[in-house]
Amino acid sequence: MTDPREAFHAATRLADAARDLAHATRVLNTPSDSYSVMGRLVDTQRSIQQVLEQLAEWHRSTSAGRHFSEGHDESTLGIITAIAELDLAAQQADGLQETISRAHGGSSVVRWFDDVDPDQD
């Protein structure tokens with residue numbers, strides 16, 4: 001049997017992993033890891049864009065009386081707002097993914113020293 005709240009639990013895991021990554025990238029002890037981390041961020045951003053697009057489509061497919069309160073103007077306005085903002089977020093996510101890809105490409109030509117000499121500072 002599948003988890004009826006699979007999307008909720010997956011989003012929770014993603015939020016936790018993003019928080020862990022934010023803490024872990026304060027200092028990179030192995031400089032070449034920056035390239036790999038950016039590559040994973042490109043993949044992650046691509047998936048986030050897909051999620052935003054799918055959420056927008058899901059909201060488009062909802063119907064009053066089945067998914068939300070029929071005749072409740074605020075619910076209808078909320079659906080319309082969610083669709084418009086999710087569409088915008090998906091477009092912005094695409095741009096962010098392209099930007100991270102360019103940073104990843106820039107990092108790909110760097111000859112990193114993974115054994116940094118602390119006396120060089």
Side-chain angles (χ1 to χ4, degrees):
M1 183 167 129
T2 62
D3 180 356
R5 298 194 69 203
E6 182 178 354
F8 170 80
H9 294 300
T12 300
R13 289 190 304 272
L14 177 61
D16 291 343
R19 191 178 312 96
D20 290 346
L21 180 59
H23 292 293
T25 54
R26 288 183 202 158
V27 175
L28 291 174
N29 293 320
T30 307
S32 64
D33 283 351
S34 66
Y35 175 76
S36 299
V37 169
M38 281 189 275
R40 298 288 187 229
L41 285 174
V42 170
D43 293 341
T44 301
Q45 187 61 29
R46 204 173 285 131
S47 295
I48 289 171
Q49 178 186 352
Q50 181 180 355
V51 169
L52 294 167
E53 291 167 350
Q54 290 170 174
L55 283 170
E57 287 307 312
W58 181 85
H59 278 80
R60 274 188 191 85
S61 71
T62 61
S63 59
R66 179 170 180 225
H67 296 104
F68 61 92
S69 183
E70 192 168 16
H72 186 247
D73 291 343
E74 288 181 19
S75 292
T76 302
L77 181 58
I79 293 292
I80 292 168
T81 301
I83 292 167
E85 296 300 324
L86 286 165
D87 284 341
L88 177 60
Q91 290 173 0
Q92 292 171 336
D94 181 54
L96 180 57
Q97 184 263 319
E98 290 176 15
T99 302
I100 299 167
S101 290
R102 289 191 300 274
H104 186 239
S107 183
S108 71
V109 298
V110 177
R111 292 183 183 174
W112 296 107
F113 293 139
D114 283 340
D115 295 319
V116 177
D117 183 358
D119 295 330
Q120 289 266 288
D121 292 333

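Here the structure is a predicted model, which is why all the values come from computation and not from measurement. Computed from heavy atoms alone, side chains included, the values below leave out hydrogens, waters and symmetry copies.
Taking E98 as the reference, D94, R102 meet the side-chain contact (heavy atoms from CB on, under 4.5 Å) condition, with sequence neighbours excluded. Residues passing the side-chain contact (heavy atoms from CB on, under 4.5 Å) test with D114, sequence neighbours excluded: T30, P31, S32, W112.
How far CG of L86 is from CD of Q54: 11.5 Å, rounded to the nearest 0.5 Å. Here L52 contributes atom CG and Q45 contributes atom CD; the two are 8.0 Å apart, rounded to the nearest 0.5 Å. Once rounded to the nearest 0.5 Å, the distance linking CG of L41 with OG1 of T99 reads 12.5 Å. Rounded to the nearest 0.5 angstrom, D87 CG and E57 CD are separated by 7.5 Å. Rounded to the nearest 0.5 angstrom, M38 CE and D33 CG are separated by 11.0 Å. For the atom pair E74 CD and T81 OG1, the distance stands at 11.0 Å (nearest 0.5 Å).
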### Task
Determine, stepwise, if the pair S101 / Q97 fulfils side chain to side chain donor-acceptor pair (under 3.5 Å).
CA-CA 6 Å; S101 290; Q97 184 263 319; 3.1 Å; yes
### Task
Mind running salt bridge (Lys or Arg N to Asp or Glu O under 4.0 Å) on D43 and R46 for me, showing each step along the way?
CA-CA 5 Å; D43 293 341; R46 204 173 285 131; 3.2 Å; yes
### side chain to side chain donor-acceptor pair (under 3.5 Å) between E53 and Q49, worked out
CA-CA 6 Å; E53 291 167 350; Q49 178 186 352; 3.1 Å; yes
### Message
Could you walk me through whether V37 and R40 satisfy the side chain to side chain contact (heavy atoms under 4.5 Å, CB included) test, starting with their C-alpha distance in whole Å, then the side-chain angles of each, then the deciding distance to 0.1 Å, before giving a yes or no?
### Response
CA-CA 5 Å; V37 169; R40 298 288 187 229; 5.8 Å; no
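Under the 4.5 Å side-chain heavy-atom criterion for ILVMFWY residues, no single connected hydrophobic cluster contains both V110 and Y35. The hydrophobic cluster containing L55 does not contain F68, counting ILVMFWY residues as joined when their side-chain heavy atoms lie under 4.5 angstrom apart, directly or transitively. The same ILVMFWY cluster, assembled from side-chain heavy atoms under 4.5 Å apart, contains both L21 and L96.
Between the S107 side chain and the A103 main chain, no donor and acceptor come within less than 3.5 Å of each other. When atom types are taken as modelled, the side chain of S108 and the backbone of G105 share a donor-acceptor pair closer than 3.5 angstrom.
Using a 30° and 60° split on the angle between ring planes, H67 and W58 fall in the perpendicular class, above 60°.
More than 12 heavy atoms of other residues, nucleotides or ligands shown are found within 6.0 angstrom of CZ on R60.
In summary, R19 and D16 engage in a salt bridge, as defined by a charged side-chain N under 4.0 Å from a carboxylate O.
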